[in-house]
Amino acid sequence: MRKKLISLMCTVVLLLGNVFPSQAAIADGLYWSSRSTTYSYSTTGVSANFINGCKPAANSWTNSTIFNFVFSNNSGKITIDEERVDGVNWAGLTATRKPASFITSAFIIINSVYTSSYSSTKVRAVICHEMGHAIGLADESFSSTKRSIMLPSAEQVYDQNGIYTPQQADINDIYSIYKNIQ
């Protein structure tokens with residue numbers, strides 16, 4: 001089942017590409033019904049950098065914003081996995097499920113084709129960026145001058161700007177989304 005979901009997500013991204021590029025960091029209408037959700041991540045068949053990046057990435061959102069990530073040993077509402085996905089140009093991909101008014105689940109894939117050569121801190125930055133998508137943030141534009149974990153490429157986020165945690169712009173955006181939600 002998981003392999004089919006990954007294959008489907010990859011196909012959609014390959015076919016659609018970046019059809020709707022984001023100019024703002026807040027994704028219209030994407031948010032959870034509360035300021036908290038559970039997450040879990042794979043621990044078998046994945047790299048140490050992946051395992052060592054998941055909890056610190058979640059904690060960086062919890063410790064700096066009003067949104068709370070709660071780790072679950074079982075199946076979290078946000079599931080994070082590391083897979084080798086050839087033939088694509090992304091290090092991370094997030095799919096959210098929003099059947100009605102709110103996000104009800106999200107699935108994050110970290111692509112080891114790219115991240116296997118990244119430092120542990122850069123892998124953490126990719127995971128943190130994807131977790132931002134999972135809670136309602138879109139990519140900043142490539143020309144953005146903001147310091148943000150939501151810049152659209154790992155090179156912009158980590159290599160050029162040394163960012164691996166949410167920045168003030170991200171904190172403000174999460175506050176804007178969740179300030180009226182308990």
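The minimum heavy-atom distance linking Ser42 with Ile51 is given by the pair O-CG1, 4.2 Å. Minimum heavy-atom separation, Leu151 to Ser141: CD2-O, 4.3 Å. The shortest heavy-atom contact between Ile108 and Ala134 is CD1-CB, 4.2 Å. Between Ser60 and Thr165, the closest heavy-atom pair is CB-CG2, 3.9 Å.
A tilted orientation is assigned to the rings of Phe71 and Tyr41, their planes being inclined by 30° to 60°. The aromatic rings of Trp32 and Phe67 lie tilted to each other, with the angle between the two planes from 30° to 60°.
From Glu155, atom CD reaches atom CG of Asn161 across 11.5 Å, with rounding to the nearest 0.5 Å. Rounded to the nearest 0.5 angstrom, Lys122 NZ and Asn49 CG are separated by 12.0 Å. The CD1 atom of Ile66 sits 9.0 Å away from atom NZ of Lys179, with the distance rounded to the nearest 0.5 Å. In this structure, CD in Gln156 is found 9.5 Å from CG in Asp139, a value given to the nearest 0.5 Å. From Asp173, atom CG reaches atom OG of Ser148 across 7.0 Å, with rounding to the nearest 0.5 Å. Rounding to the nearest 0.5 Å gives a distance of 5.5 Å between CH2 of Trp61 and SG of Cys128.
Side-chain contact between Val46 and Asp81 is present, with at least one heavy-atom pair separated by less than 4.5 Å. Ile174 is listed as a side-chain neighbour of Leu137, based on a closest heavy-atom distance under 4.5 Å. By the 4.5 Å heavy-atom criterion applied to side chains, Arg147 and Gln168 are not counted as neighbours. Looking only at side-chain heavy atoms (C-beta outward), Thr104 and Lys77 stay at 4.5 Å or farther from each other. A 4.5 Å side-chain heavy-atom check between Ser40 and Thr79 finds at least one atom pair inside the cut-off.
Ile171 shares a hydrophobic cluster with no other residue; no ILVMFWY side chain has heavy atoms under 4.5 Å from its own. Tyr158 belongs to a hydrophobic cluster with Tyr164, counting contacts under 4.5 Å between side-chain heavy atoms of Ile, Leu, Val, Met, Phe, Trp and Tyr, direct or through other members.
Between the side chains of Glu130 and Thr94, at least one donor-acceptor pair of N or O atoms lies under 3.5 Å. In this structure, a donor-acceptor pair under 3.5 Å is absent between the side chains of Gln182 and Ser34.
Formation of a donor-acceptor pair under 3.5 Å by the Ser36 side chain with backbone atoms of Asn68 is found in this model. The main-chain N or O of Tyr114 is found under 3.5 Å from a side-chain atom of Ser117 such that the two form a donor-acceptor pair. In this structure, the side chain of Arg35 engages the main chain of Tyr178 through a donor-acceptor pair within 3.5 Å.
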Salt bridge (charged side-chain N to carboxylate O under 4.0 Å, His left out), that's the test. Do Lys146 and Asp170 meet it? Break it down for me. CA-CA 9 Å; Lys146 283 186 182 179; Asp170 309 309; over 6 Å; no
Run the side-chain hydrogen bond (donor to acceptor under 3.5 Å, both in side chains) check on Ser112 and Glu83 step by step: do they pass? CA-CA 6 Å; Ser112 65; Glu83 296 287 337; over 6 Å; no
